[in-house]
Novice: 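Take a look at the following structure, please.
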Amino acid sequence: MSQAGRTTKVERTRPTSMKIATIIAGAVIFLLLAIPLAVQVITAFRGPFLPFGVSTAKWSVENFVTLWSLRDDFWAVLGSTAAFVGGSTVLSLLMAFGLAWVTVRTDAPLRRVISVLVVVPFIIPPIVKAQAYLLMLSPESGVLNQLLRLLPGDLVIDPYSFVTMTFIQALTNVTFPYLMIVPILTSMDGSLEESARVSGASWAKTLRRVTLPMLWPGLLGVAVLTFILGLGSLEVPLLFGQESGKSIFALKLWNLISAGAGELPQYGLAAAWGCVFLVITTIAFVIYLRATRNAERRASISGKGFRPTVMKLGAWKIPVMLAIAVFVMLTAVLPLFALFWSAITPYPIAFSFEALVTQTQFGSFGAVLADPEFWASLGRTLVIAGGSATIACVAATVLAYGIARARRTGWTKAVDLFASSSVAIPAVIAGFAMFLTFMVINPVIPLAGTIVALIIAYSYRVSIAYRAGYSATLQIRMELEEAALVSGASPLEGFRRIVAPLLMPTVFAVWIQMFVLGTNEFTLPAFLATPESRPLSVYMYAMISPRSAQLYQPDQGAAMALIFTLLVFAIGYGLQWGVSLFAIGRAKRRNPIPGVGTAEVVPPADPVAPDTRAVAAQDLEERRQLARR
């Protein structure tokens with residue numbers, strides 16, 4: 001009895017295979033997120049160079065003292081960054097909210113077409129968009145400035161002014177908040193707005209007193225994420241900021257580690273800068289969490305009777321459609337036209353029909369397709385994006401399942417918050433932290449500058465897969481796993497054979513999203529890639545940047561940008577199309593449900609009723625035989 005009791009206790013304390021898998025997944029995510037940030041913080045407190053393996057490394061606050069001694073520069077960068085990121089975030093939110101309102105809550109014509117056109121800039125890689133805007137706004141050959149010269153007055157937009165750069169950043173990011181605001185508006189019940197309207201409130205007063213208070217937790221979350229996205233973007237500051245005279249944080253970090261001839265990179269000072277902005281983003285993320293912790297009190301979907309309010313634009317239809325047409329022209333039509341015009345002309349030249357006849361050539365497309373480095377960079381891009389998406393999805397799905405099924409304790413809440421925290425880390429800080437980490441471990445594990453290092457760095461967006469996997473796991477009832485356990489399956493086998501197939505559609509959708517993000521990524525490889533491991537986005541930047549004297553080919557760079565955009569579009573939507581076909585074929589192979597689909601419903605066969613006349617004749621014959629006896 002005593003031995004049986006000890007055996008039972010040992011079996012209870014023995015970790016199951018599923019717990020071991022969850023711990024391994026948690027360790028992978030910890031290594032992805034915590035180690036690089038820890039190395040960055042240590043670098044800020046240990047000397048001007050790397051924190052380990054350098055004889056001059058010692059614990060001190062010298063980097064922060066240096067940062068404070070340059071406080072004029074510090075406050076200038078902080079103010080410029082606040083104006084740039086804050087201004088672009090506000091502009092992006094205003095445009096995104098207006099577009100979402102028109103497509104969801106009004107009777108504007110062509111709403112489905114508008115919703116598709118708004119999403120078009122999302123498939124264009126950020127470095128391609130930045131280059132397209134630079135070509136579109138060129139003072140002499142830019143197509144937008146050509147159109148403005150047709151208007152009265154001598155109106156020309158300076159592409160390198162700070163206001164222009166902020167507006168370009170807003171246009172670059174507007175699709176991201178739009179895609180997040182649309183579901184919020186779609187799921188909001190309009191009964192309260194109707195009540196306000198019936199009570200005599202105007203549309204403006206209803207929007208201010210009813211709609212926005214109901215939406216503000218969701219909008220605050222969108223604002224924080226858009227702010228972090230803008231803070232971590234390097235594309236627009238790198239192409240526009242170096243000429244504007246304003247130093248943005250991302251550009252400042254880039255310049256500190258990109259030392260010129262005869263200079264040494266200032267890793268310690270850059271790490272101190274990174275720590276300051278990491279604190280700022282952490283505060284923003286905490287404010288967002290505290291503001292949205294009671295968001296369910298503002299839930300407005302009531303199920304029965306739920307329907308959104310549709311606002312009739314009336315005479316405002318024409319101005320609204322004109323504004324949307326201008327937006328589509330600025331975000332999709334003119335940038336792509338500027339790229340195409342640059343690709344078919346040998347040098348920057350203003351558009352004219354004479355130039356169209358005499359100066360155009362299409363040799364740049366052939367030169368790009370014949371360039372072996374183009375195909376090598378494209379292959380590396382696919383490997384890096386696919387490998388990082390696979391690592392992030394597998395680790396995040398296993399950890400999300402373990403946390404969702406575990407008892408809610410302080411430990412599980414902490415792991416849940418930590419696994420969700422990578423959305424609060426700007427890409428520029430993540431890239432710099434990964435760069436320091438690989439430089440530190442390179443004497444022991446030589447990964448710096450390799451494709452493996454890029455795959456690991458790209459996986460830092462693991463929070464996207466974790467949140468999706470956590471939500472999908474909560475939608476699966478535990479009875480399915482309990483039935484598997486009762487039938488003798490282990491927890492890991494139950495997860496593999498019951499839960500994983502049910503989670504697979506969500507995992508595939510997230511994998512495709514992370515794969516497309518990986519193909520578009522520029523900020524992370526800008527810190528980590530070498531000529532031997534650079535993906536296509538970095539190679540394309542070398543082609544379009546005048547600072548790259550050996551590779552500068554603006555026409556081939558523009559042609560490469562167009563080909564790159566088409567490839568991202570084809571690969572992203574091709575994968576979604578393939579997954580949809582797979583899901584449809586899988587659904588068809590399942591047993592048909594009676595009463596659903598085209599299968600004919602066969603009623604159950606009734607038992608054959610005995611022939612009453614035969615029974616009566618048999619009964620009469622039996623009576624006759626009895627009477628004869």
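Nothing fancy with the numbering, it's 1 onward along the sequence. Values in this document were obtained by computation on a predicted structure and should not be read as measured data. The figures that follow rest on heavy atoms only: side chains count, while hydrogens, waters and symmetry mates do not.
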Novice: Just so I know, are the side chains of I124 and T331 near enough to count as touching, which here means a heavy-atom distance under 4.5 Å?
Specialist: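 A side-chain contact is absent here, since even the closest heavy-atom pair is not under 4.5 Å.
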
Novice: Is the closest side-chain heavy-atom distance between V41 and R46 below 4.5 Å?
Specialist: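 No; the side chains remain at least 4.5 Å from each other.
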
Novice: With rounding to the nearest 0.5 Å, note down the distance linking CG in L91 to CG in L171.
Specialist: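 Reported value, rounded in 0.5 Å steps: 8.5 Å.
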
Novice: Short question: side chain of K129, backbone of T172 - any donor-acceptor pair under 3.5 Å?
Specialist: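 Checking the backbone N and O of T172 against the side chain of K129, a donor-acceptor pair under 3.5 Å is found.
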
Novice: Tell me every residue that passes side chain to side chain contact (heavy atoms under 4.5 Å, CB included) with F277, counting only those two or more places apart in sequence or in another chain.
Specialist: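 With neighbours one apart ignored, the set is L78, T81, L231, F249, W273, I280, I429.
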
Novice: Does some side-chain heavy atom of V28 sit less than 4.5 Å from a side-chain heavy atom of V462?
Specialist: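 Contact flag for V462/V28 side chains = no.
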
Novice: Measure from the side-chain N and O atoms of S17 to the backbone N and O of P491, and report whether any donor-acceptor pair falls under 3.5 Å.
Specialist: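 No.
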
Novice: Do you know which of F527, Y267, W254 makes ring pair (Phe, Tyr, Trp, His ring centres under 6.0 Å) with F435?
Specialist: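 Among F527, Y267, W254, the one that satisfies the ring pair (Phe, Tyr, Trp, His ring centres under 6.0 Å) with F435 is Y267.
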
Novice: From M560 CE over to I544 CD1, what is the distance, rounded to the nearest 0.5 angstrom?
Specialist: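 Answer for the CE-CD1 pair, M560 versus I544, is 10.0 Å.
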
Novice: Measure the CG-OG1 distance between L269 and T43 for me, rounded to the nearest 0.5 Å.
Specialist: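 OG1 of T43 is found 12.5 Å from CG of L269.
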
Novice: Please test I248 against V77 for side-chain contact (heavy atoms from CB on, under 4.5 Å), starting from the C-alpha separation and ending with a verdict.
Specialist: CA-CA 6 Å; I248 310 301; V77 172; over 6 Å; no

Novice: Output yes when E373 and R380 qualify as a salt bridge under the 4.0 Å nitrogen-oxygen rule, no when they do not.
Specialist: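 Counted as a salt bridge, because a side-chain N and a carboxylate O are separated by less than 4.0 Å.
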
Novice: Taking side-chain hydrogen bond (donor to acceptor under 3.5 Å, both in side chains) as the definition, give me every residue that meets it alongside Y401, ordered by chain and number, with sequence neighbours left out.
Specialist: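 Only E481 meet the side-chain hydrogen bond (donor to acceptor under 3.5 Å, both in side chains) criterion with Y401.
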
Novice: Could I get the full list of side chain to side chain contact (heavy atoms under 4.5 Å, CB included) partners for L219, not counting sequence neighbours?
Specialist: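 Once residues adjacent in sequence are excluded, the partners of L219 under the side chain to side chain contact (heavy atoms under 4.5 Å, CB included) criterion are F97, I181, L212, L215.
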
Novice: Could you go through the side-chain contact (heavy atoms from CB on, under 4.5 Å) check for F515 and I571 one step at a time?
Specialist: CA-CA 9 Å; F515 178 81; I571 293 173; 3.2 Å; yes

Novice: Keeping the roles fixed (side chain from S88, backbone from Q169), state whether a donor-acceptor pair exists under 3.5 Å.
Specialist: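 Judged by distance alone, no pair lies under 3.5 Å.
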
Novice: Under 3.5 Å, is there a donor-acceptor pair linking the side chains of T89 and S92?
Specialist: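 No, S92 and T89 have no side-chain donor paired with an acceptor closer than 3.5 Å.
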
Novice: If you apply the rule side-chain contact (heavy atoms from CB on, under 4.5 Å), what do you find for N63 with F45, and how did you get there?
Specialist: CA-CA 7 Å; N63 291 313; F45 287 96; over 6 Å; no

Novice: Are the side chain of S533 and the backbone of T530 linked by a donor-acceptor contact shorter than 3.5 Å?
Specialist: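 Checked: pair present.
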
Novice: Among residues at least two apart in sequence or on other chains, which ones pass side chain to side chain contact (heavy atoms under 4.5 Å, CB included) with F569?
Specialist: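 Side chain to side chain contact (heavy atoms under 4.5 Å, CB included) check on F569 returns I123, Y573.
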
Novice: Measure the OG-CD1 distance between S537 and I384 for me, rounded to the nearest 0.5 Å.
Specialist: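 Reported value, rounded in 0.5 Å steps: 8.5 Å.
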
Novice: Do side-chain atoms of T519 reach the backbone of V516 as a donor and acceptor pair under 3.5 angstrom?
Specialist: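 Confirmed, T519 side chain pairs with V516 backbone.
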
Novice: May I have all residue pairs that pass side chain to side chain donor-acceptor pair (under 3.5 Å) and include part of residues 456-465, sequence neighbours excluded?
Specialist: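 Checked against side chain to side chain donor-acceptor pair (under 3.5 Å) - neighbours excluded - the pairs reaching residues 456-465 are S422-S463, R461-E521.
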
Novice: Has T397 got a side-chain atom pairing as donor or acceptor with V394's backbone, closer than 3.5 angstrom?
Specialist: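 Between the backbone of V394 and the side chain of T397 there is no qualifying donor-acceptor contact (under 3.5 Å).
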
Novice: Residues in side-chain hydrogen bond (donor to acceptor under 3.5 Å, both in side chains) with S80, at least two apart?
Specialist: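 Expected list: none.
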
Novice: Check step by step if side-chain contact (heavy atoms from CB on, under 4.5 Å) holds for L517 and I464.
Specialist: CA-CA 11 Å; L517 285 174; I464 299 174; 3.9 Å; yes

Novice: Does the side chain of T412 come under 3.5 Å of the side chain of R407 through a donor N or O and an acceptor N or O?
Specialist: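 Absent: no donor and acceptor within the cut-off.
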
